[in-house]
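Here the structure is laid out as C-alpha cells; the discussion comes afterwards.
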Amino acid sequence: MHATQRIATSSLLAFSALFSWAAHGQTVSIQDAWVRATVPQQKATGAFMKITAPQPMKLVGVRTPAAPIAEIHEMKLEDNVMRMRPAGALELPAGKAVELKPGGYHVMLMDLPKEVKAGETVPLQLVLETADGKRQTVDVQAPVRAVNASAGAAPAHDAAHAGHGAHKR
C-alpha cells in the first residue's frame, strides 16, 4: 500500500470512529424538558421531560448547578396514600419514550439556594448507563414554567438539540 493510500485509509478510519462516537452521543432524545417554578423560601422543585433511548439504558443520576441535590424520584399510590421516594435508577427501554411527569417519575431538585423563577432556564446533566456499564451524560437546558404549570402547559421542546450536549464518559 502506498503512503497516500495509508494516509487516506487512516483518515477514513479516524473519521468513521469519530462519526460513530458522535452518532452514539446523539442517540438519546430528550423532549419537553421543564422545571416547575418555586415560591420564595421553597427549597425543592421538580424537573420533567420525556427520554427516549435507542438501546436499553438506565438514567442513573442528575447533576445541576441550580441545586446541591438532584435525585430521580417516584410518586406512587400505596394504601390510598401518595408516597414519594428516591428511585435510584430509572430503566429506559430501547426506542420507548419514558415520561418524567408530575405524579410519577421525576427529578427532584432539593436544597435550592434561591427561588427558581418562570422564564429562567435550569441546566441539567443527565447521567445514563448502558447495559454494559458505559456511562454518558446528556446536557439539557430546561425552561422554568409557572408554579401551576402541568405537563402539557407549553409546546414540546427538544432540550437536547440533537448533536449538542451528549458526551461519553
Side-chain angles (χ1 to χ4, degrees), residues 18 20-38 42-78 82-118 120-145 147 149-151 153-154 156-169:
L18 179 63
S20 295
W21 181 83
H24 177 73
Q26 294 177 18
T27 58
V28 176
S29 170
I30 309 296
Q31 291 144 350
D32 199 24
W34 64 284
V35 171
R36 181 171 283 139
T38 60
Q42 183 178 338
K43 295 295 181 189
T45 192
F48 314 97
M49 66 199 76
K50 291 178 189 160
I51 305 172
T52 307
Q55 61 182 320
M57 299 179 106
K58 292 180 187 176
L59 175 62
V60 295
V62 181
R63 296 186 286 256
T64 179
I69 301 170
E71 297 177 345
I72 305 154
H73 277 215
E74 174 186 23
M75 288 193 75
K76 194 175 192 180
L77 187 62
E78 293 177 350
M82 189 63 90
R83 300 184 190 276
M84 182 174 60
R85 65 175 60 108
L90 178 61
E91 296 288 333
L92 303 172
K96 294 186 179 179
V98 175
E99 188 171 8
L100 282 66
K101 62 184 178 181
Y105 285 102
H106 58 281
V107 173
M108 280 300 298
L109 305 178
M110 299 178 287
D111 289 345
L112 294 167
K114 65 182 184 121
E115 186 176 351
V116 179
K117 298 178 183 178
E120 295 178 343
T121 300
V122 174
L124 301 169
Q125 189 175 64
L126 308 181
V127 181
L128 301 141
E129 186 175 275
T130 60
D132 61 1
K134 291 182 182 170
R135 289 193 172 190
Q136 72 179 52
T137 59
V138 176
D139 294 322
V140 177
Q141 297 297 317
V144 179
R145 294 185 188 166
V147 173
S150 62
H157 175 70
D158 182 357
H161 301 292
H164 301 286
H167 305 283
K168 197 172 178 179
R169 291 234 167 161

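All values derive from a computational prediction rather than experimental measurement.
Counting all heavy atoms, side chain and backbone alike, Leu100 lies closest to Phe48 at O-CB, 3.2 Å. Nearest heavy atom pair, residue Val140 against residue Ala33, reads CG1-CB, 3.6 Å. Taking both residues in full, the closest heavy atoms of Pro113 and Ala67 are given as CD-CA, 4.5 Å, listed atom of the first, atom of the second, then distance. The two atoms that bring Leu92 and Leu59 nearest to each other are CD1-N, 3.9 Å, heavy atoms only. The two residues Ala37 and Val147 make their nearest non-hydrogen contact at O-CG2, 3.5 Å. Scanning all heavy atoms of the two residues, the minimum distance from Val122 to Ala66 falls at CG1-CB, 3.8 Å.
Expressed to the nearest 0.5 Å, how far CD of Glu71 lies from CE of Met108 amounts to 8.5 Å. Rounding to the nearest 0.5 Å places CZ of Arg145 at 15.0 Å from CD of Glu120. Put simply, NZ on Lys43 and CG on Asp111 are 8.0 Å apart, with the number rounded to the nearest 0.5 Å. The CD atom of Glu99 sits 11.0 Å away from atom CE of Met49, with the distance rounded to the nearest 0.5 Å. Separation of atoms NE2 (His73) and CG (Leu109) is listed at 10.0 Å; rounding is to 0.5 Å. If you take CZ on Arg63 and CD1 on Ile69, they are separated by 15.5 Å, rounding to the nearest 0.5 Å.
In this structure, Glu129 and Arg135 have side chains that are in contact, with non-hydrogen atoms separated by less than 4.5 Å.
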- Message: For Val28 and Gln136: C-alpha separation, side-chain torsions, deciding distance, then whether side chain to side chain contact (heavy atoms under 4.5 Å, CB included) applies.
- Response: CA-CA 10 Å; Val28 176; Gln136 72 179 52; 3.5 Å; yes
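Here the side chain of Thr64 pairs a donor or acceptor atom with the backbone of Pro123 at under 3.5 angstrom. A distance-only check finds a donor-acceptor pair linking the side chain of Thr45 to the backbone of Arg36 [under 3.5 Å].
When the side-chain contact (heavy atoms from CB on, under 4.5 Å) test is applied to Ala97, the partners found at least two apart in sequence or on another chain are Thr52. With sequence neighbours left out, the side-chain hydrogen bond (donor to acceptor under 3.5 Å, both in side chains) criterion links Asp132 to Thr130.
Residue pairs meeting the side-chain hydrogen bond (donor to acceptor under 3.5 Å, both in side chains) criterion with at least one member in residues 84-94, sequence neighbours excluded: Glu78-Arg85.
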